[in-house]
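These notes concern the structure reproduced below.
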Amino acid sequence: MSKKDLNKLRNIGIAAHIDAGKTTLTERILFYTGRSHKIGEVHDGNATMDWMAQEQERGITITSAATTCFWRDISINIIDTPGHVDFTVEVERSLRVLDGMIAVFCAVAGVQPQSETVWRQAVKYKVPRIAFVNKMDRTGANYDNVVNMIRTNLSANPVIVNYPIGAESDFVGYVDLVLNEAFYFGGDKGEDVKPGDIPDNLVDKVTELRAALIEFVAEASEDLLNDYLENGTLSSEQIISGLRQRTLAGEVIPVFCGSAFKNKGVQPLLDAVRDLLPSPVDVGEISASVKGTDNTRLLKPEAKEKFSALAFKIMTDPFVGKLTYLRIYSGELNAGSYVFNSSSETKERVGRIMQMHANTREELSGGEAGDIVAVIGLKNTRTGDTLCSEGEDFLLENIEFPEPVIFVAIEPKTKSDQEKLSKSLEKLSDEDPTFSYSTDQETSQTIISGMGELHLEVIVDRLLREFNVDANIGQPQVAYKESISSTAEGEGKFIKQTGGRGQYGHVILDILPLERGEGFVFENKIVGGAIPREYIPSVEKGVKNLFESGVISGYPVVDIKVVLKDGSFHNVDSSDVAFQVAASYAVKDAFKNASPIILQPIMDVEVEVPENYMGDVIGDLNSRKGKIESMDDNSQGNKQIIAKVPLGDMFGYATSLRSFTQGRGIYTMQFFGYDVVPKQLYNELVEKSSKNKES
């Protein structure tokens, strides 16, 4: 039995808005912990964690990368996550399996849109956080402003632990409020952190902040509160203990400062990971639902328990094939052993077990509770699946992923490319649950769908370069949906007589609109055997098949309830196929009287521009049918415009924004929800579908 001390293990993620400095911070952590001997830079394309060619060329993180390092007496598993909204899924699935998080904020921009998104994800999974205000050396850096934004924009309770000495080019150190000491940065790589005197101009500020910190900490327990009331202060050990308790409970967010690019402030942040973020023991028992019952099972983070793990990421490695990333919650996993996939109800053999360092691997003989490992050999395991010991049958909380909102058509140039394309798409959809593909039955084109233009651009780039598929790529298209806005009845008959046995199916049904996001509901109200029970699934299948390909414009149908209420059958001629066809006829008949509508994805768009360009930006957004929701000043003196805009009107926006702001405008965009398209666009989409069917 292993003697690993789980109290000395930290599983953490680093998450933030794009360009806040997550990967740069991770590179410094790897250097200071001795994991790497050279600091890689994102702008030079040689950052350890940004190993994909697409990441190095674009200077952004696209896929979450895992590594392990050691600091003082603890082991740290780190997952560096993307900041771009198109790759939010990488943050979602990482936070699902992590115990703690470092939220990185730019000292100039503060809380940005994607900062809010990852914060909501961390709150959803109850992940304790510490905040790192990065880029304190940048012009316009304002530590107090960022702390205030964390409080107001994120509804959090930030507590300053380190206060910066100076800012911008004068950022030279920090005051540790726990120790009540100043520390100054030295050395080319920030390796020398030396104590010194607190500057005179900060003495009053530090006294005030330290008093506030101690008051927060004293509320962690009755013992601490009594000591505080009795002595008027607390020791540094008591402060750390109380701060840890309140951080793990999600009651406070300790805030630290630094400049990762200038190698400043990373070591105290690592100390905070050790002192304030949870170990698997602190997280405690994990609840799992027992399949087929309302019961739950509590899984203890101990090696002696039965094995349980969650598959949270799939990656295709050109050298070893399919890699499945696992977070082990209880028990042990050994190479060559068998496990049970309770999600797919299949038995899987574990081939080799790896510890990952970005895209390089170190082979392990096994893993145990608390570990994050990659496994080779799992053939039927997908993202979100639960693995457990044979004989067990429970499910860990799954990971929910948003639906794709944008698609492109792709056509392989040769037959051999067609075969390569099919295999490549299967691998990519295994890796990325927000990427999907299908075949258009009418045009025989392959349609690939994703979360945004950049997402699909990266997918296509990987298909062409990594998987060597030679193909023609269409223009991005919006993933519209069809629905209805009123109730209607429909009748469908399929009667066909041939020389032998004929076909007979007769269906009468109602269709009713549902609330947005409710999907598809089928209800059987047949009484008296008007349609035999064995044909009821055929009716449902016929409806589903039609809804997948669309009724009026070729887009999938959503948010509809279908009630089967009557029909008839023939003792000899009725069949599964006949009732499928009759059901599709009945739905088409009902659809035309149910006030059909087409839904389009609406995006939350946030634009930041200098004030003199604001008129042009607003005019352009209005021309794209955008609804302006607010216009405010941000911390950098720019104007911040928030609008809801249809996705179909946002194609090419990055180029337009650059041109009329002379490259000074930036924007972020994320999916908000679906809304009804205007009548003119509705007619265009229906007409386009009719022409495609005719051709």
Side-chain angles (χ1 to χ4, degrees), residues 6-15 74 76-77 91 94-105 111 115-116 118-133 147-162 177-178 209-229 233-256 268-287 296 298-302 327 329 369-370 396-397:
L6 286 185
N7 287 296
K8 304 290 187 185
L9 176 63
R10 303 288 183 271
N11 291 313
I12 67 165
I14 299 179
I74 63 166
I76 309 174
N77 290 323
V91 187
S94 297
L95 288 177
R96 167 64 185 82
V97 299
L98 292 170
D99 301 330
M101 181 179 104
I102 300 173
V104 183
F105 299 95
V111 176
S115 312
E116 297 181 17
V118 299
W119 197 267
R120 284 195 300 270
Q121 291 168 321
V123 170
K124 173 182 173 182
Y125 292 118
K126 298 184 173 77
V127 179
R129 282 139 279 160
I130 58 178
F132 181 67
V133 179
V147 173
N148 190 49
M149 289 180 77
I150 293 172
R151 179 178 293 107
T152 55
N153 295 22
L154 303 177
S155 302
N157 191 8
V159 176
I160 294 172
V161 181
N162 287 355
L177 298 180
V178 175
L209 290 173
R210 191 166 194 271
L213 172 63
I214 292 173
E215 281 185 27
F216 272 122
V217 164
E219 295 173 12
S221 71
E222 196 171 319
D223 288 343
L224 287 173
L225 185 58
N226 289 336
D227 280 356
Y228 172 63
L229 293 174
T233 188
L234 294 171
S235 68
S236 56
E237 290 78 11
Q238 287 177 310
I239 295 173
I240 291 174
S241 173
L243 192 56
R244 177 178 177 79
Q245 288 178 52
R246 299 208 68 186
T247 303
L248 299 190
E251 296 168 355
V252 299
I253 308 297
V255 187
F256 299 82
L269 184 67
L270 283 166
D271 286 338
V273 169
R274 180 192 63 177
D275 295 336
L276 304 178
L277 288 182
S279 71
V281 175
D282 296 313
V283 174
E285 296 175 328
I286 301 294
S287 178
T296 57
L298 293 177
L299 307 170
K300 295 181 181 178
E302 296 177 6
R327 163 66 194 266
Y329 285 103
L396 292 160
E397 181 188 357

Interatomic distance, I14 atom CD1 to I12 atom CD1 [nearest 0.5 angstrom]: 5.5 Å
Worked verdict on L224 versus N226 for side chain to side chain contact (heavy atoms under 4.5 Å, CB included): CA-CA 5 Å; L224 287 173; N226 289 336; over 6 Å; no
Worked check of side chain to side chain contact (heavy atoms under 4.5 Å, CB included) between E251 and N157: CA-CA 7 Å; E251 296 168 355; N157 191 8; 5.7 Å; no
CD1-CG distance between I74 and D275, expressed to the nearest 0.5 angstrom: 8.0 Å
Minimum side-chain heavy-atom gap I130-I253 below 4.5 Å: no
Audit row: V255, N162, side chain to side chain contact (heavy atoms under 4.5 Å, CB included) steps and yes/no: CA-CA 7 Å; V255 187; N162 287 355; over 6 Å; no
Side-chain touch V217/I240, heavy atoms, less than 4.5 angstrom: no
For Q245 against S221, the heavy-atom pair lying closest together: OE1-CB, 4.0 Å
Heavy-atom pair with the smallest gap, counting every atom of S279 and L6: CB-O, 3.2 Å
Min side-chain heavy-atom separation V161-L177 under 4.5 Å: no
Short side-chain to backbone donor-acceptor contact, R210 and V178, under 3.5 Å: yes
Beyond-backbone contact of T247 with R244, side-chain heavy atoms, under 4.5 angstrom: no
Spacing of T152 atom OG1 and M149 atom CE [to the nearest 0.5 Å]: 6.5 Å
Non-hydrogen side-chain atoms of P278 and V283 separated by less than 4.5 Å: yes
Side-chain donor or acceptor of R10 paired with backbone N/O of N77 under 3.5 Å: no
Side chain to side chain donor-acceptor pair (under 3.5 Å) contacts in which one or both residues fall within residues 122-131, not counting sequence neighbours: E92-K124, E92-Y125
Derivation of the side chain to side chain contact (heavy atoms under 4.5 Å, CB included) call for F105 and V147: CA-CA 10 Å; F105 299 95; V147 173; over 6 Å; no
Separation of N11 CG from D99 CG (nearest 0.5 Å): 4.5 Å
Salt bridge (charged side-chain N to carboxylate O under 4.0 Å, His left out) partners of residues 214-226, not counting sequence neighbours, each pair once: E219-R246
Student check: side-chain heavy atoms of Y329 and P301 closer than 4.5 Å: no
Contact check, side chains of E397 and R96, non-hydrogen atoms, under 4.5 Å: yes
Student check: side-chain heavy atoms of Y228 and I214 closer than 4.5 Å: yes
Between CG on residue L213 and CD1 on residue I160, distance to nearest 0.5 Å: 9.5 Å
Donor + acceptor pair across side chains of Q238, D227 (<3.5 Å): yes
Gap separating the CD1 atom of I150 from the CH2 atom of W119, nearest 0.5 angstrom: 6.0 Å
Shortest non-hydrogen contact from T296 toward S287: CB-OG, 3.7 Å
Heavy-atom pair with the smallest gap, counting every atom of G370 and P280: CA-CG, 3.9 Å
Side-chain donor/acceptor of S241 to backbone N/O of E237, under 3.5 Å: no
